[in-house]
Amino acid sequence: MALGGVDPLLIAVAAPFVAAVAAPFLARILHHNAAWLLAIVPALIFYHFTGYVADVSAGQRFAIGTDWIPTYSVRFSFYIDGLSTLFAMLISGIGAFIVLYSGGYLKGHPDLGRFFSFILLFMGSMMGVVLADNLITLFIFWELTSITSFLLIGFNHKSERSRRAAIQALVVTGGGGLVLLAGLLLLSYVSGQTEMSAILQQGNFLKDSDWYLPILILILGGAFTKSAQFPFHFWLPNAMEAPTPVSAYLHSATMVKAGVYLLMRVHPIFGDTAIWSTILPLFGGATLLVGTILAVRQTDMKLMLAYTTVASLGLLVMLTGISTEKAIEGAVLYLLAHSLFKGALFMVVGTIDHGTGTRDVTKVGGLWRAMPLTFTFAFLASWSMAGLPPAIGFIAKEILYEGTWVADQWHNVLITAVAVVGNALMFVIAFAVAFKPFLGAKVETPKTAHEGSPLLWLGPAALSVCGLVAAIMAHTTGELFIRPMASAIANHPLDTDLHLVPTQWKAPVNLSITTVVLGIVIYLNLDRVRKLIAGILTSIGWGPDQGFDQAIRGIVRLSAFVTGKIQFGRMEGYMTVTIAVMVLTLFVPLYAFNEWPTMPEMPDFAFYEWSIFAIAVVGLIAVLMAANGLVAIVSLGIQGFAVALIFMLFGAPDLSFTQFMVETLSVVILALVMTRLNLAPRDHRRRSQKILDGFLAITGGSVLGLTLMAVTQVQFNDELSVFFNEYSRVIAHGRNVVNVILVDFRGVDTLGEIAVVMVTGLAVLALIRITTPKAVEEETEKADVIKTPIPEQKEGVAS
Amino acid sequence: MEVGLSVLIGIFFAASIYLILSKQIIRILLGIAIIGNAVNLLIFTSGRLSREIPPIIPLDQDVPALGSANPLPQALVLTAIVISFSLFAFLLVLAFRAYQELGTDNVDEMRVAEPADQPKPPMGY
Amino acid sequence: MSGLFLINLLLTFAWGAVTGSFSAINLLFGFVLGGFGLFLIREQVGTSRYFSRGWKVLVLAAIFVYELVLSAVRVARIVISPTIVLRPGIIAYPLTVDRDFEITMLANLITLTPGTLSVDVSEDRKTLFVHCIDVPDPDETITEIRDSFERRILEAFR
Amino acid sequence: MSTIILRTIAPYLTALMVLFSIFVLLRGHNEPGGGFIGGLIAVSAFAILGIASGVAPVRRALVFHPMHISAFGLFMGAFAGLPSYFAHVPFMTGLWVSPTILGVKVDLSTPLVFDIGVYLVVVGSITSIALALEERESD
Amino acid sequence: MTFGETFIDICVRISLVILAVSFVICVVRIVIGPTLPDRILALDMLVALGIGFIAAIGVKTNFYLYLDIAISLGLVGFLATVAFARFILNRGLVKDQMIIEDADGAAQERGGGQ
Amino acid sequence: MNDVLDVIVGLVLIGGAVFSLIASLGLIRLKDVYMRMHAASKAGTLGSGLMLLALAIHAAELSVVTRAVAGVVFFLLTAPVSAHLLARSAYLVGYKPCDDTKIDALKEHLSDNKS
Amino acid sequence: MAGENTALAIGKAMVTAPVPAADWLVIAPLIVTMMGGALCVMTRKRTEYQPQIAFVFLTALVAVNIALLSHVTNSGVVVMVMGKWLAPFGIAFSVDTTSAILSLVASIVAWCVGLYGIVDVNNTGRRYGFYPFLLLLMTGVCGSFLTGDIFNLYVWFEVLLISSFGLLILGNEKIQLDGALKYAILNFTATTLFLIATGLLYGLIGTLNMADIAVKVKTLPDGAPLGAITALYLLAFGMKAAAFPVNFWLPASYHTPRIVVSAVFAGLLTKVGVYALLRTLVMLLPEGRSAMAEIIAIIAVVTMLTGVMGALAQTDIRKALGYLVISGIGSMLAGMAIGTGSAVAGTLFYAVHSIIVMTALYLVTGLIGRMGGSFDIRELGGLYKGSPVLAGLFLVLCFAVSGLPPFSGFWPKVILVESSLKESYYWVAVAILLTGFLTTLSVGRIWIYAFWRGGPESAPDNSEEGKIIPLSESLTGSQAALWIPIALLVSLVVVIGVAPEAMFRIVGQGAVGLIDPSAYISQVLGGAK
Ligand code: NA
Ligand code: NA
């Protein structure tokens, strides 16, 4: 199968990305017809995966990959088993039709090429998620789906609602992704493996470990946010701001199932424990109920579908959580069914929207004449969604009831009840979406209703028919897709035998009938139910969606508050904090080691030495006390002078020399500058501030002095100086060791030092010379145009 | 000797910190000038002290006289003096220009870069 | 130009003095450096005239040193005395010398000698204002200066 | 400042001080001194001249813009380390030649070149600062 | 130690003590002022004392290299005084309130002493 | 011979120190800045000059002597100039001489010029 | 007398083997930038030639740094003792992988900024030293990275600092002077603390050579002096690196200069601080580091969180980016706190990433400012239509800075999270992830305001009132000078994200060298001991 040494699977993964790059160019040339060309890519990928079906159903697994980052054990590796094959086929197969549908839906849109690009990018990322074997690779594709989803949701970017939905999706799924990252990293750390396939082979190693719960929670954090589980469900309905192809593809058929995929993938490691079977059904069930209840409440068809998607995802999570073989089978079947019917229904709603200009279910009716094809496929798809035979949805529902109805435990009863209520409500929505707009009296719509182009109906047609065919050929479907995938999830071979017609009249059939009856009852009382739910929601008055806004605003406000406290803008405060930190920095080690330097008897200084110290101190005090800047400058001279003399007393003539020069020049420059500076004698500080500053000054001086004392009381290593003394004259031909150090032993220091001096000169020149920015700039900009250097102002005299 | 000088250096540091903590720009600059001296003395003392004999090799010798001062800290301090002098000159002129342009010598009133009324971050999308 | 050359020689000599070596090469180098130094101040020295009558300069110097010691002693006496009773004042000294160089020299000598200190020269360069630490009679002081320094400067430099 | 006394004496002082600064520069290797101190003395010289006679004469005296002198000094300082490349020794290794000129052995070395670079940098930069400040004052 | 050395040593010590006293006096003048020119004058004097001090140390240690330091101290001391003088002049010429107050204050102080 | 030189050095040194002290005393005892300048510019210069000379004699080395002399000359050249500059600036800006100053020709000159 | 002594002494004091020409690469970046800077100053009045001259030297700088990195990766630590004096007596430039990679990335950034500056800096800016400042800034930066001597490091820090002053005030506007004053004084304080610490360290162990310090510190008993010195280094370099709570200088100044200056600052300045922390705390004073690990971790966490919160609180994009620089520093500090090989590698990787991405962000922001006429997210809008390419580039950088794959920021984040989990610093991992999350939020907000929104905040929904100024209106030079640097940096961001193997190897090697400096020590001191 190798193609130039590269496995075709890698090409299949890469192909959408390549196509994404090409898309804008194609769209520029072919406009919406580029869809035909671009759809070939997913179609070919789909075709490629059909090649695996036989082998996979025979129980084979493939790990294919190439080294990516050997140093960090990251491989560009993929794992093909029943689970990934079905997902990959759904993604590529539905993807092909979505590309076509996009061409029709966004015909004439100026950014169509970009749209294709994003869709294909997403497709590639999603393929990556379900195929990836390496945990890091998996995560990367996971995050890429979040990113592309962000771009697609915000496609109508001028609308604030779109932008909000986009960033909301990014925040929730991206945030969840970060949690997942931690989980995956820990998983890899604990298992010692980087490849999912290798971890799966280790089987139950984690279930008794202390790491089990933390890692599980982290992974659930990723999965629940991505798959819109309550209470993170709110982003998904908002994501409906995206163009319909996006909703159909990302937010029902594929991306939102990534979380479910992940749960199914890690099921062998985490599944079938008490924790697993408690948490997942709990959240899944809650999501199912919340989703369906909120769906019923809507009148926007797209939103109705969106909420039922939430509900379906809840159902899938719930089933995965139950962990029994039947439940897993049910989950797989329902996943397949849902992808087909929901993708189709979204496209149908899009077509209605496209054809009539509205999506409000109360504002359309009797469209079947105008849109016969659309109606047909809508009918087929919703039949499946309603769970009625002979659609795949029916089989799925039967199996899932088998899975839930293990009536040995009370909580399974509860779960089943939830499933029944949920399914009944989905039945209601299915009919509300499929029949209400098409049947009944014709209602005037913003646009005159018309059938869509083939680009628009091909997708619904294919998906809904697929649903039908899959159900009719139930056995084959089961053999080729359901059993391999369920086996992969269970991590051991299952024997599945699917039939369209139930072989035995058992509890599931009864439950199905209950579901339908309940559904019909609710459908007939839809308006009342809607009002009831609306009333309840109004009385609650809050939901996670508002919570999101509040959280974001809260974060921003908190940030502004904290930042205002930290970066408060007053220089004096900045300095105070800095000095306080310095004092602490020095005090703590002294205190922690409890090593205070010893104070010897009075140091033996000569009288004149004392007097020079005294002069230094008097100079300092004079600077501190100076009534005004002038006096301070002169006093500054005293201490500098004293320091120079100190250097001289301790055998440092070069230093003394330099200190005299530098001090004098400092004072001179200070005087030059001061001529124009206002020298108000005030010290702006309040008394309390002065006390604080004085405290900091005294403690700061003390800790520095003490540290220095402590340092100098350690035996000194004068190796370096001995070396310098020894070779200064002999090799470096200089008798002044200090100067030899400066220009030879440590000449590079001096090189840097003169760089400092040079730059200082230039910087000061810039400071002084660039005076009126506006005027000068205008002048020079003009000069730029005519390409002649402007004459030097002022300094031109010299040259 | 080092102990005695350490005390003096501590006083230098204390004075300079007190000045640097001022609001008046010129006092801050004075503090900076003094802290430069304090640090130089600190490095000088760190290399241990000896009296009066400079590290200069007499004409008829190959090495400096016994008990001569440690030359390395002197070289370090020289470099540091030059650098701190440069920085001081720059800071001085900068302070002067800031005073000219901003019309105040109180650093707490220099609030152009970080105005007191920071705009609130937008809350929409 | 010869004036400049002379100053250059003077600077060369100063170089020799400062470096403590009057070897040929050092003096040659000193000459070059002196030339460089002159080059830097070429504008300012362009019009000035060269020195002559070296011996009179020496005499002037000797007098000056003597006066300096005298003046220091006088200050000492004033400062040490338990009570200081002085009649300071600023007097206007009419200048005879009129060249920049001579005025400068005179003013400096006045400053370094007893009881007097040059404060300012009037814009028309005709008057030197001298602060005297104790000046019971201004005219006497003026005469003193005129007879000692100004005369000798005139002798030395004209 | 408009006092003839200073104006008259300043140029001579300047010339003397520049001379002294070169002296200090050249003997730095053996006695206290060197490029930096020498440079500072020269700066003081130009500062005195500037205060006495004004900024323009100093600028004219220096011919080149002081910053350019400074930059040249830096260039020279860095350049002084390069000849050692050709001697296959590390950067800034001191290389000495002692030609005999007029019977006197003269030590010439890359550290000396480097020290002259230091001198020029200091002279250039600090003079530039002083002159720029002085200029502002007189405007 | 020869007599000469002992003598010099004693003289150096005496001179250093005298200079130390002078230092203190000068510093007192700098601190008490009262006028800016007073302070500058005292600073100038301090430089002169410093030169003497360096010379004394030179004699004490037999290191004549201190001479150059003394000379350059003289040079820059001159520069400092020139700069300060110019500074006083400029401040005065821009009619700085501070200086006028400073001058008046000094005059009053003297007036009080009479 | 050496001892004689040493004695001279010691005496010159002390002489210089004493003159420096006198200058300092003048600084503290005299009444106004102009009078203090007398002390500083004369006794001060002489004091430091003498001490430099002491160093030169002590060294008894040509290069040191010539340098010391050059230094002294330089002080003699600059000290009066700085005194002049300081006095002039102080006066022009308005630092009045003390009230004992009976004669003030400069004041008259300046007021003449003004009118 | 001197002759034979000299011959004897040379053997004991100096390196006697001839120096291979390739070793000159360790000093070449400094020579190139210094001479280039000097040349630019000498020709500064010919403003029209300034960019050309600088460009030659900047290109040479990149070239020598590439050569240096390959030399180092091939032959290990490269040492040159300046002036031939044996280490630890002379100044040794000792370049390991850490130094070489940082130096290279920094020089690439400088190259980009130099190019961008052709258009962004006017004639006045050129005349008063933009290019010399930039080149000498690079002297400081490369010198800091390459030197093996702690005091010499201080000197290069100062070169860097003073050059940054020059760049900061180029323009002399009120806001610049205000920002520069705070920047200058606070940074001056930091370098002063550095100098104090170095002085004390010298007093304690009597040496300045880093390899020698690493050796001698081990022989020293733990005690207050060493503890104080270590803490002081942490404070000084932490301040340079803009760690909480001593990072006031950064938000006070980064938004004030020209955008190209902000760009180079954001890329380089703080990272030099991080580098110095790595060198001193991780390599030289490992005991002190591990004693303070908890404190560093707390600082790291607070820094990253306050940083990103600062970014969230801003309306000016430049300010927000400044805070993001801080936030990134927190992550780098986290790696240092954890201190394992992979954590340090993460820090190093993060530093490389941060240099590139922050510079690129500022450069792109420059274009936003030019095209949108403002840096205020309340006033921006409609740029998506105005320049989709710009939108794309900025978005890539947003994702990169948030640590999202497949861009350069992802890998260091993964490494750091992984190492903190492994070392049971769970809270640090949480903080890193939370910071990534908040960063996404903050840059995502900026992006949607500036690009997606149709017009300024006041404009009605779905409108298209965004003000778009064509680049040609604000430009006199070629647009390529703006786009090429951005394109180069963004492609680096992508390449490092997609093909990080080389970088992993380099930072891995760098981290190993820092944690176990024995190879470094033997290379530097080998001749002497
Ligand atoms: Na001074
Ligand atoms: Na030197």
Side-chain angles (χ1 to χ4, degrees), chain E residues 2-5 7-8 10-12 14-16 18-19 21-23 25-26 28-29 35-38 40-42 44-45 48-49 51-53 55-56 58-59 62 64 66-68 70-71 74-75 77-78 81-82 84-89 91-93 99-100 103 106-107 110-111 113-114, chain F residues 2-7 9-11 13-14 16-18 20-21 23-25 27-28 31-33 36-37 39-40 44-45 47-56 58-59 61 63-64 67-68 70-71 74-75 78-79 81-83 85-90 92-96 98-100:
Chain E
T2 65
F3 163 76
E5 281 166 356
F7 184 78
I8 285 191
I10 294 167
C11 288
V12 165
I14 293 173
S15 338
L16 283 175
I18 295 175
L19 285 175
V21 173
S22 311
F23 273 142
I25 295 174
C26 258
V28 167
R29 180 48 82 197
T35 68
L36 185 60
D38 279 309
I40 294 166
L41 180 67
D44 194 36
M45 187 62 217
L49 292 174
I51 293 167
F53 191 87
V59 172
N62 291 322
Y64 309 118
Y66 288 112
L67 181 65
D68 300 318
I71 294 176
L75 301 183
F78 176 62
T81 312
V82 171
F84 272 122
R86 182 187 144 64
F87 175 51
I88 297 174
L89 206 59
R91 296 289 293 185
L93 293 178
I99 298 235
I100 292 164
R110 272 193 300 272
Q114 300 264 304
Chain F
N2 259 345
D3 282 355
V4 174
L5 264 186
D6 285 345
V7 171
V9 168
L11 292 179
L13 210 54
I14 291 189
V18 168
S20 299
L21 180 65
S24 305
L25 283 174
L27 223 51
I28 205 85
K31 222 175 236 170
D32 70 13
V33 69
R36 290 172 195 143
M37 264 173 219
T45 310
S48 47
L50 282 177
M51 293 183 80
L52 268 192
L53 284 178
L55 181 62
H58 185 63
E61 231 176 75
S63 70
V64 177
R67 260 200 332 275
F74 188 86
F75 298 153
T78 54
V81 178
S82 36
L85 290 175
L86 202 52
R88 177 173 181 269
S89 308
L92 291 182
V93 167
Y95 292 101
K96 307 254 177 332
C98 67
D99 296 345
D100 290 353

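Small disclaimer: the values here were computed from a predicted structure and weren't measured.
Not counting sequence neighbours, the partners of F:L50 by the side-chain contact (heavy atoms from CB on, under 4.5 Å) test are F:V12, F:F19, F:L46. Listed by chain and residue number, E:P37, F:Y34, F:Y95 satisfy the side-chain contact (heavy atoms from CB on, under 4.5 Å) test with F:A90 (two or more places apart in sequence, or in another chain).
With a 4.5 angstrom heavy-atom cutoff, E:L41 touches chain F via backbone and side-chain atoms both. Both the backbone and the side chain of F:V7 come within contact range of chain E, with heavy atoms under 4.5 Å apart. Both the backbone and the side chain of E:L75 come within contact range of chain F, each with at least one heavy atom under 4.5 Å from a heavy atom of that chain. Contact annotation for F:L11: both backbone and side-chain heavy atoms come within less than 4.5 Å of a heavy atom of chain E. If you measure heavy-atom distances from E:L67 to chain F, the contacts under 4.5 Å come from both the backbone and the side chain.
The closest donor-acceptor contact from the side chain of E:R29 to the backbone of E:A42 lies at 3.5 Å or more, if one exists at all.
Rounded to the nearest 0.5 angstrom, F:S82 OG and E:I40 CD1 are separated by 11.5 Å.
Relative ring orientation between E:F23 and E:F53 is described as tilted, the plane-to-plane angle lying within the 30° to 60° band.
Your options are F:G44, F:A59, F:A40, and the one with the most heavy-atom pairs under 4.5 Å with chain E is F:A59.
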